[in-house]
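Step one of this worksheet: look at the structure below.
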Amino acid sequence: MSSNNFPEHIAIIMDGNGRWAENRGLKRTAGHEEGAKTVRNITIHSAKLGVKYLTLYAFSTENWNRPKLEIEYLMRLLEKYLKNELDIFLQNSIKFKAIGDISKFSKSLQNTIKDMEEKTKNAKGLTQILALNYGSKDEILRAIKKLNEKNLEVNEENFEACLDTAGIPNVDLLIRTSGEIRLSNYLLWQNAYAEMFFTTTLWPDFTTLEIEDIIEDFKKRQRRFGAV
Ligand code: FPP
């Protein structure tokens, strides 16, 4: 949970890359390329602001239903992004972590993900968590299987320890771009008491100024966690 009304954990549904590109008469993939630049800017800026965890929905379990060429492009972009980002992460003390079932990705991408996690594991600043082949229902079912395998009592603590987000506090602030107002199978358990913010800005146009404004709005909200 956040202290002093500052969000310790921000989660973002980065939506609107396709529309951003189509509005400019470009291919959808150009929107993803531009979206990757926003990922970098927002991550570095969030680290500077003192956010501890930033979880970004980069590829959902449902995204496999997109055209094959778009999926291939996203996989290549992800691998390129991770390889390019290492120095920037180290310079800014940013730790990298993936959540989701990455076993469905190519061996090369899986290795790049693990390599990035390993090389940034001692960073003490923000943790960037990329949700990759992530779906909350899938995560919850995998957690239940783990609980069963370990023969653990079913309680909140044991369950959370079996989620991909084990050790990471629940989400304080959830942001979705592009005007859609839904959760799309994203961190259903972890968002239980999140404050939510929906903006019509398309992800490639999302700026450091806008995230600052959203954090200011968050600070004014009264979080009661079910109490009065
Ligand atoms: C939604 O836009 C975005 C995604 C499917 C995934 C997010 C991917 C990126 C931000 C780019 C790559 C990420 C990294 C970490 C390098 P959309 O295609 O659903 O847009 P639309 O709703 O306008 O069609």
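Both ligands and their constituent atoms are indexed starting at 1 by order of listing. Quick note: residue numbers are just sequence positions, from 1.
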Next on the checklist: For residues 83-93, which residue pairs pass the side chain to side chain donor-acceptor pair (under 3.5 Å) check, not counting sequence neighbours?
Outcome noted: Arg40-Glu85, Glu79-Lys83
Next on the checklist: Would you call the rings of Phe59 and Phe105 parallel, tilted or perpendicular, taking 30° and 60° as the class edges?
Outcome noted: perpendicular
Checklist entry - Using 30° and 60° as the class limits, which term best fits the ring planes of Tyr186 and Tyr134: parallel, tilted or perpendicular? => result perpendicular
Next on the checklist: Students should find this: residues with any non-hydrogen atom under 4.0 Å from ligand 1. What is the answer?
Outcome noted: Met14, Asp15, Gly16, Asn17, Gly18, Arg19, Arg28, His32, Ala36, Tyr57, Ala58, Asn63, Arg66, Leu77, Leu78, Tyr81, Leu130, Trp203
Checklist entry - So, does Asn63 use its side chain to make a donor-acceptor pair with the main chain of Ser60 at under 3.5 Å? => result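 Yes: the side chain of Asn63 pairs with the backbone of Ser60.
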Next on the checklist: By the definition salt bridge (Lys or Arg N to Asp or Glu O under 4.0 Å), identify the one residue from Arg221, Lys220, Lys219 that meets it with Asp217.
Outcome noted: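 In the set Arg221, Lys220, Lys219, the residue that makes a salt bridge (Lys or Arg N to Asp or Glu O under 4.0 Å) with Asp217 is Arg221.
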Next on the checklist: Under the criterion salt bridge (charged side-chain N to carboxylate O under 4.0 Å, His left out), I'd like the reasoning laid out for Arg142 against Glu139: C-alpha separation, chi angles, the key distance, then a yes or no.
Outcome noted: CA-CA 5 Å; Arg142 286 188 286 105; Glu139 179 193 28; 5.9 Å; no
